[in-house]
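See below for the structure under consideration.
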Amino acid sequence: MRRFLLIGLAPLLMLLTMAVANAHAMLERAEPRVGNKVAAPPREVTLWFTQKLEPAFSAITVTNSVGERVDSGKARVSGNQMSVSLRAGGSGTYHVNWHVLSVDTHTTEGNFTFQVGQ
Ligand SMILES: [Cu+2]
């Protein structure tokens, strides 16, 4: 009887371990949307994550099509959301790089692009 109980528990423990491993702050969505095209240069970029963020160790940088920084350098964090203001940087491909520290003390980072133009 006891043996059957242990065999039954093993998959459950594995599932729990996987749930913890996946609990980092991953990018849930972005505005402008990842890979999307917008007509005019956006005034800001906003990212939403799967977990709340620690403001002190979370940042976004945005560069325009010729590699110039167009972000203000001061990301604003509120809960699971992070935004940064942009100056107009012309049309073409914009690169967004982000790194965050989530409240579970794990760091994650990533990048994506969006297009500005007609
Ligand atoms: Cu984590």
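In each ligand, atom 1 is the first atom listed, and ligand 1 is the first ligand listed. These figures come from a predicted structure and were not determined experimentally.
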For atom CD of E109, is the number of surrounding heavy atoms from other residues, nucleotides or ligands below 6.0 Å larger than 12? no

How is the N/O/S atom of D104 that comes nearest to the Cu ion (ligand 1) named? OD2

Could you tell me which N, O or S atom of H24 is nearest to the Cu ion (ligand 1)? ND1

Whether F114 and Y94 hold their rings parallel, tilted or perpendicular, with breakpoints at 30° and 60°: parallel

Among the N, O or S atoms that H106 has, which is closest to the Cu ion (ligand 1)? ND1

Please determine whether the number of non-hydrogen atoms from other residues, nucleotides or ligands lying under 6.0 Å from atom CZ of R33 exceeds 12. no

For T113, the option from T93, T63, N36 that meets side-chain contact (heavy atoms from CB on, under 4.5 Å): T93

